[in-house]
Amino acid sequence: MELNQLTIHELQEKIKNGQTSATQVIESVFNRIDVVEERVHSYIRLMKDEALAAAKKADEDIKKGDIKPLTGIPVALKDIVCTKSITTTCGSHILHNFVPPYDATVVEKLRDAGAVFVGKANMDEFAMGSSTETSCFGVTRNPWDLTRIPGGSSGGSATAVAADECIASIGSDTGGSIRQPAALCGVVGLKPTYGRVSRFGLIAFASSLDQIGPFTKDVEDCAIMMNVLAGYDPRESTSVQTEVPDYRQFVGKGIAGWKIGIPKEYFIEGIDPEVAAAIKKAIAVIEKCGGQCVDISLPHTEYCLAVYYIIAPAEASSNLARYDGVKYGYRTSEARDLLDMYKKTRTQGFGTEVKRRIMIGTYALSSGYYDAYYKKASQVRALIKHDFAEALKKCDVILTPTTPTPAFKIGEKTDNPLQMYLSDLFTISSNLAGIPGISVPCGFTAAGLPVGMQFLAGHFEEGKLIQIASAYEKNANIEKRRPQL
Amino acid sequence: MEFETVIGLEVHAQLLTNTKIFCNCSTKFGGAPNSHACPVCLGMPGVLPVLNKKVVEFAMKMSLATNCIINKSCSFARKNYFYPDLPKGYQISQYAYPLSEHGYVFLEVDGAQKKIGITRIHMEEDAGKLMHDEHNPVSYVDLNRAGVPLIEIVSEPDMRSPEEAADYLKRLHEILVYLEICDGNMEEGSFRCDANVSIRPVGQKEFGTRSELKNMNSFRNVQRALEYEVKRQQYIVENGGNIVQETRLWDDAQGVTNSMRSKEEAHDYRYFPDPDLVPIIVDDAWIEAIRKELPELPLAKRERFVKDYQIPAYDAGVLTADKALSNYYEEVVRLCRSPKAASNWVMGDVLRFLNEEKRDIRNCPITAASLAEMISLIEDGTISGKMAKDIVEKMYKTGSAPKAIIAEKGMVQITDEGELLKTISAIMAANPNQLGDYRGGKDKLFGFFVGQVMKATQGKANPQIVNELLKKMLAG
């Protein structure tokens, strides 16, 4: 196996034993990038010089015996997290030249933990999309089938891990943007509890839903990444001050006696039969591990999509108002006056999907419509949250498919936003409720496309997610495949 | 037709916290453009606001000082609109859930106390400033002020004249400055006021259509603008027209208000709860801790001055209008123990000197100790009141203590009867005609002789002794 194909914990072992160096690891990653990146297009920007320098520094640290949790581990960053002195675009022309003078808190934490940054990963513009097709820097392709989308919005972060163009990566999840691409690319993706990982330096899409999380090659790596990412941040008011456990302790613990909630509203017609079959098989594995399935109900499920597509665009319409051409980023060169500058800058700077959501959100907040849309949606959101609170009294975790279908074809849904929105059907509810969710690979379709299974748990119960995902991973005996590129 | 005026005011006060409301930048006025502006002030992508607790505490002080009820929970909302001085494209303010509500202050109207209701007090961030190039079609943005904390104090439509409005404004100003939470500088914009004004026929219950006035940067301008606007509205109604709801700008130079935008053109601010901030929970313990920090407020101080110092309500009003002035006065009284004399000197000469030079009492060259010493010198007869007038002026000019000036100028009062008798005898001898007339019944000439004595002694003679001696001597 090549170094770039290994997991964090495998590399750590090798690094510790002196079998390899950080420089060798990063070189192997860039060799892989040289071969596959042109076809996959995981990255908006590669940081090769910085990465090689960081690896060199890591090797010096290793020599001194100073080995931190991610020393020498190549990590890709979704281009939505701000990196000091490194252009951060959010996949948008309007930020094509934006160089932040600060690091996101997660970037600081990863760097402090010894991570080596490979580059900035491609994404749907402002994280608005489920296919990474709305990026102004071109589409990212699914490594398992280059004619298909990788999911989104964190598509580049998912493919970088799946195609071994990094060891782990960072994504953000507002309605499924980590879990859905993780499922479609066959990797592990975790969306933590709202407030668990700092949003400082994460370019906001919908502030009450956004959360940063990791993509990894296995569940143990997910735990390692969470150990670095989680924790209170005084720079974020919605950050929560609760104890952060050592997530690695949940790996390999087993789930004997656990109750697994199966929400009837999530096993509906319209789910791809191969996805349904994979999940059915996965449930059998969970039961074999000692999990006991119980039927639960999340009665307001049918409203999740509607609520999400009011609240998220409403917040986005306000969050994206700052891109006005005045202070940074793109500014039109042909403005007659102030209003004209605003209009042209934003018309030319934003893509279609972003403009669509700004308009939906602006409408939902407008005087005369606020009560019917935003306010009503907020009330229903409270009911959705309550659904989960009730359901989680009856079970330890909830099990669902991550997505209704495997990866679809590039261009298949771009003209039909509603069809596109449906691919987040199973992931959106946990963002609305603020609870954590993980997607783990649970097999392949006949055509060789990955299928993902999702577990959801109560607030700050990421440990449980890691525990069950790890139990499943260990017992499922899923065939080890790598995408053929 | 007789009209009644209805006025409500919205006051914005900048709070004197060291740092801004949502970041650690300095709130200092002035400074090179954008020198007090961090990524949070600039509305850069991904940065987040963190509330400055001091802002809440300052706002709580004003709430308690104006008898508002502080809500147990309040929250921030976003007010969305585009303007280059608003870097995020929204202002973080409070909307549905303000910090406090249902307060009031008292005004003295026609000798009686009138209660003016305060609808609410809420916290928000200030915007930056635009500077327009006079020669080129470009504008510059300075975000030093962006994020400076403000409270907005919204009154009920309880005022019935421009004068009442100006009075109310002065009350709020006085309280804010007393609390040391706002410097009250209207010219620099740290205390700003918008006014809603309408008229209605006397006896009518419903309010008339209102206009909102902006751009008045002094107490006087608020009153002038309101007076103009009331007349303008009356003229329209009396001539059969209708008032349109609109925002109007006061033009100080022309002394008129001009339409800025109509109701139809008004912004839809699309307020919604700010998801980046959490609700502020205020418990009773916090409220009580803040209440303990409140200083004596102007109204209470005024009442205490009248009661303890036995000075007229008018004097107490003048002396307490400025906290530093009231402290100065109290220090003078403490040292000389003559409240009425102290009040006369402070309100008379001291304030006159200061006003002439537009100087603040904090920079008064006459220290409270010097003024008290001078008052004591009058009372123990060392100097006369008339001499004191000259001395106090010299004290103001030189900053010297009264005793030093007296010694230097030889200004000690003559109280020696022997010396005065000699002077009086000489004057009587030099003015035989007047003496004869006086003794013949022209009592008025007594003043003539007093004047002569004062002239001869260069005003240093003790007037009481002179009176007594003259009476005896002139009687013969």
Side-chain angles (χ1 to χ4, degrees), chain A residues 80-82 88 90 92 95 98 100-102 104-105 126 195 198-204 206-210 233-240 311 314-315 317-329 337-339 341-342 346 361-370 374-375 378, chain B residues 21-24 34 37-53 75-92 95-96 127-128 130 132 137-143 146 263 266-280:
Chain A
I80 198 169
V81 293
C82 288
T88 301
C90 222
S92 181
L95 285 176
F98 175 65
Y102 45 87
T105 297
F126 282 101
S198 171
R199 290 188 297 119
F200 182 87
L202 168 71
I203 298 181
S207 311
S208 74
L209 303 162
D210 296 342
D233 184 359
R235 290 187 292 187
E236 186 206 327
S237 308
T238 49
S239 177
V240 179
I311 288 179
E315 292 182 8
S317 71
S318 174
N319 283 333
L320 271 60
R322 66 188 64 198
Y323 309 114
D324 56 6
V326 174
K327 307 156 297 268
Y328 48 75
D337 54 30
L338 180 65
L339 188 62
M341 183 187 89
Y342 283 152
R346 291 168 66 79
T362 303
Y363 180 82
L365 289 175
S366 293
S367 151
Y369 300 99
Y370 180 89
Y374 183 84
K375 195 175 169 192
S378 301
Chain B
I21 182 166
F22 297 122
C23 67
N24 287 324
N34 299 309
C38 69
V40 174
C41 305
L42 266 58
M44 282 195 164
V47 297
L48 295 167
V50 176
L51 178 63
N52 179 350
K53 196 176 168 194
S75 57
F76 285 99
R78 293 185 182 177
K79 178 179 180 177
N80 296 285
Y81 64 96
F82 285 95
Y83 206 61
D85 68 4
L86 192 71
K88 297 186 293 297
Y90 57 84
Q91 180 195 27
I92 304 179
Y95 186 62
L130 292 191
H132 304 288
V138 292
S139 299
Y140 300 94
V141 188
D142 177 5
L143 295 174
K263 188 189 175 190
H267 292 123
D268 178 357
Y269 290 120
R270 306 189 309 278
Y271 282 101
F272 78 107
D274 190 330
D276 285 329
L277 291 157
V278 290
I280 305 158

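Chain letters run A, B, ... following the sequence lines, proteins first, then strands; residues in each count from 1. Values reported hereafter were calculated over all heavy atoms of this structure, with side chains retained and with hydrogens, waters and symmetry mates removed.
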| said: When you compare the side chain of A:Cys82 with that of B:Met44, does any pair of heavy atoms fall below 4.5 Å? | reply: no

| Atom CG in B:Asn80, atom OG1 in A:Thr362: separation rounded to 0.5 Å? | 8.0 Å

| message | Working to the nearest 0.5 angstrom, can you tell me the gap between A:Lys327 NZ and B:Lys88 NZ? | response | 9.5 Å

Heavy-atom cut-off 4.5 Å, strictly under: side chain, backbone, both or neither for [X] against chain A?
X	value
B:Val141	side chain
B:Pro137	neither
B:Tyr83	both

| Counting only heavy atoms not in B:Tyr269, do more than 12 sit closer than 6.0 Å to its OH atom? | yes

| query | What do you reckon, is OH of A:Tyr369 surrounded by more than 12 foreign heavy atoms closer than 6.0 Å? | reply | no

[X] versus chain B, heavy atoms under 4.5 Å apart: side chain, backbone, both or neither?
X	answer
A:Pro100	neither
A:Ala314	backbone
A:Ile80	neither

Which atom names give the shortest non-hydrogen contact between [X] and [Y], and what distance separates them?
X	Y	answer
B:Pro87	A:Arg322	O-CB, 3.5 Å
A:Tyr328	B:Gly43	OH-O, 2.5 Å
A:Phe98	B:Pro45	CZ-CD, 3.4 Å
A:Ser367	B:Asp268	N-OD2, 2.8 Å
B:Pro275	A:Arg199	O-NH2, 4.1 Å
A:Glu236	B:Leu48	CG-CD1, 3.3 Å

Based on non-hydrogen pairs under 4.5 Å, which of [options] is most in contact with chain B?
options	value
A:Ser366, A:Gly329, A:Ser208	A:Ser366
A:Asp324, A:Asn319, A:Thr105	A:Asn319
A:Ser318, A:Ala321, A:Gly201	A:Ser318

| said: Main chain of B:Asp274, side chain of A:Ser207: is a donor-acceptor contact present, judged purely on distance under 3.5 Å? | reply: no

Between [options], who has the most heavy-atom pairs with chain A when the cutoff is under 4.5 Å?
options	result
B:Asp276, B:Leu143, B:Leu277	B:Asp276
B:Gly89, B:Cys23, B:Pro84	B:Pro84
B:Val278, B:Leu42, B:Val47, B:Leu51	B:Val47

| task | Please work out whether the ring planes of A:Tyr374 and B:Phe272 are parallel, tilted or perpendicular, with thresholds of 30° and 60°. | result | perpendicular

| task | Quick one: do B:Phe82 and A:Leu339 satisfy side chain to side chain contact (heavy atoms under 4.5 Å, CB included)? Show the steps, please. | result | CA-CA 9 Å; B:Phe82 285 95; A:Leu339 188 62; over 6 Å; no

